[in-house]
> 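This structure is in structure tokens; I'll ask about it shortly.
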Amino acid sequence: MNLDNNLLLRTLNHEQVERPPIWLMRQAGRILPQYRALRGSLSGFKELVSTPQLAAEVTIQPVDELNVDAAIIFSDILVIPEAMGLDYEMVEKVGPSFPTTIKSLAQVEKLESGDNAAERLDYVYEAVRATKKGLNNRVPLIGFSGAPWTLLAYMVEGGGSKTFSKAKKMLYQEPEWSHLLLSKITDTIIAYLQNKIAAGVDVVQIFDSWAGLLSPAQYKTFALPYIEKIAASVKRVPVITFAKGAHHAIPEISEFETDAIGLDWTIDAAVVKGFIGDKKILQGNLDPCQLYAKHKEIEKSTIELVEKFGSKHIVNLGHGVYPDTPLDGVKTFVNTIKNYTYPTN
Ligand code: CP3
């Protein structure tokens, strides 16, 4: 594959690079005026997600506007529950909401899974094909999925929550259904990622956004085996695993067939390297709120970040960029990296 900019793929392949690649979680979205304009002309978020040409357009916007080293396909982790038969709504200014939530074993048994569910997501694969065409090999395209625990959390809780205590209650009270649901979600994710790869994505990232809500023991039981299975199923492209808040699990994740590990901003690179050495590429982990600071401070902390990680690093934030982040702050972050060169030896 001949990409004009293959810095991300070379880094994931442990090759020596002149500088680290940079992209931002949630780069396609409300930080960009172009996104807000298009979004404002539509009936809602789901119209954007389910219309391949529009999804492709907003996927490419940050590549044009910010000059990042990768695109991430515009979609949502919640397309998986929907394909399994549990519809969601995206409520303006509130977030996702599921009119029906999982409350019984019968409901879990009824959910569609694997290829049968994944084939309902043709619009995503079409968006991937349209994006690849529009990118015209400028930068690689990242595909993604939520991790099984994070998706179960939404399907049981019904929407965002500080504690996800309904979902956690299910793990404690009904471990058997929980495992059945996690297995069905896992099978769907595997089929979905295979289809996305066949459609053209160059890298995949698994988002376990609510990993930090589980105790280490619960995470070991209800999350890690499923992530391990997904990572092992992805053979043709590199995998990045981001388990937000689950520092305790980094040594175990480093044993999986994942090429890179995403870090949130609450852990330093040196601590992670102390656990796992240079075995995996690390991604992250500037605090998204750092981008509210003054230009000079963003520059300084970005340089400190790359110096802390050394090589084998993909620069990113420690979580998705917040919608009200000043575009200038984002540009300072990206441009500081684009002007950086690793010191020789
Ligand atoms: O740029 C990209 O990263 C690609 C697009 C992307 C979106 N959602 C678009 C989106 C990605 C990778 C996601 C993943 C996602 N969705 C996650 C995991 C990543 C993370 O941040 O932890 C989660 C937990 C969700 C679920 C979700 N989707 C929530 C909680 C919300 C509402 C809150 C919010 O962030 O807006 C969404 C909506 C959503 N997904 C928007 C976008 C651009 C905002 C919709 C809009 O109003 O335009």
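Just follow the structure's listing: the first ligand is 1, and inside any ligand the first atom is 1. Here the structure is a predicted model, which is why all the values come from computation and not from measurement.
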> Would you check if there is a donor-acceptor pair between the side chains of W210 and Y154 at a distance under 3.5 Å?
yes
> Give me the nearest non-hydrogen protein atom to atom 26 (C) of ligand 1 as residue plus atom name, then the distance to 0.1 Å.
D76 OD2, 3.5 Å
> Can you tell me the protein heavy atom closest to atom 22 (O) of ligand 1 and the distance?
S209 OG, 2.5 Å
> Which of the numbered atoms in ligand 1 are below 4.0 angstrom from a heavy atom of G95?
32 (C)
> Donor-acceptor check, side chain of Q218 to backbone of L171, threshold 3.5 angstrom: yes or no?
no
> Would you name the heavy atoms of V68 and P62 that are closest together and state the gap between them?
CG2-O, 3.6 Å
> Can you find an N or O of Y35 that's nearer than 3.5 Å to an N or O of ligand 1?
yes
> So is I73 close enough to ligand 1, meaning a heavy atom under 4.0 angstrom away?
yes
> Based purely on interatomic distance, does T150 place a nitrogen or oxygen under 3.5 Å from a nitrogen or oxygen of ligand 1?
no
> Using a 4.0 Å heavy-atom cut-off, say whether K244 meets ligand 1 through its side chain, its backbone, both or neither.
neither
> Which protein non-hydrogen atom lies closest to atom 42 (C) of ligand 1, naming both residue and atom, and how far is it?
F45 CE1, 3.5 Å
> Kindly identify the option in S75, A28, G29 whose heavy atom sits closest to atom 9 (C) of ligand 1.
S75
> Between CH2 of W23 and CD1 of I314, what distance do you get to the nearest 0.5 Å?
8.5 Å
> Got a donor-acceptor contact below 3.5 angstrom from the S41 side chain to the L38 backbone?
yes
> Any nitrogen or oxygen of Q27, main chain or side chain, under 3.5 Å from a nitrogen or oxygen of ligand 1?
yes
> Below the 3.5 angstrom mark, is there an N/O of R30, backbone or side chain, next to an N/O of ligand 1?
yes
> Tell me, which protein residue and heavy-atom name are nearest atom 47 (O) of ligand 1, and how many Å apart are they?
R39 NH2, 3.1 Å
> Which atoms of ligand 1 sit under 4.0 Å from any heavy atom of F74?
9 (C), 43 (C)
> In the protein, which heavy atom is nearest to atom 14 (C) of ligand 1, and how far is it?
I77 CG2, 3.7 Å
> For L9, does its backbone N or O pair with a side-chain atom of N13 as donor and acceptor, under 3.5 Å?
no
> Under 4.0 angstrom from ligand 1, any heavy atom of E92?
no
> Out of D4, N67, D64, which one pairs with R138 under the side-chain hydrogen bond (donor to acceptor under 3.5 Å, both in side chains) rule?
D64
> Look at atom 37 (C) of ligand 1 and say which protein heavy atom is nearest, naming residue and atom and giving the distance to 0.1 Å.
M90 CE, 3.4 Å
> Answer yes when R30 and D324 have at least one side-chain N-carboxylate O distance shorter than 4.0 Å, and no when they do not.
no
> Quick one: do the T51 and E47 side chains pair a donor with an acceptor below 3.5 Å?
no
> Provide, to 0.1 Å, the distance between atom 31 (C) of ligand 1 and the closest protein heavy atom, together with that atom's residue and name.
P96 CD, 3.6 Å
> What do you reckon, are the aromatic ring centroids of F45 and F74 less than 6.0 Å apart?
yes
> When you check the gap from the basic side-chain N to the acidic O, do K103 and E174 get nearer than 4.0 Å?
no
> Quick one: nearest non-hydrogen protein atom to atom 15 (C) of ligand 1, plus distance?
R26 NH2, 3.3 Å
> For a side-chain contact (heavy atoms from CB on, under 4.5 Å) with F144, tell me which candidate from I72, V204, I206 qualifies.
I72
> Within the 4.0 Å heavy-atom shell around H319, which atoms of ligand 1 are there?
20 (C), 21 (O), 22 (O)
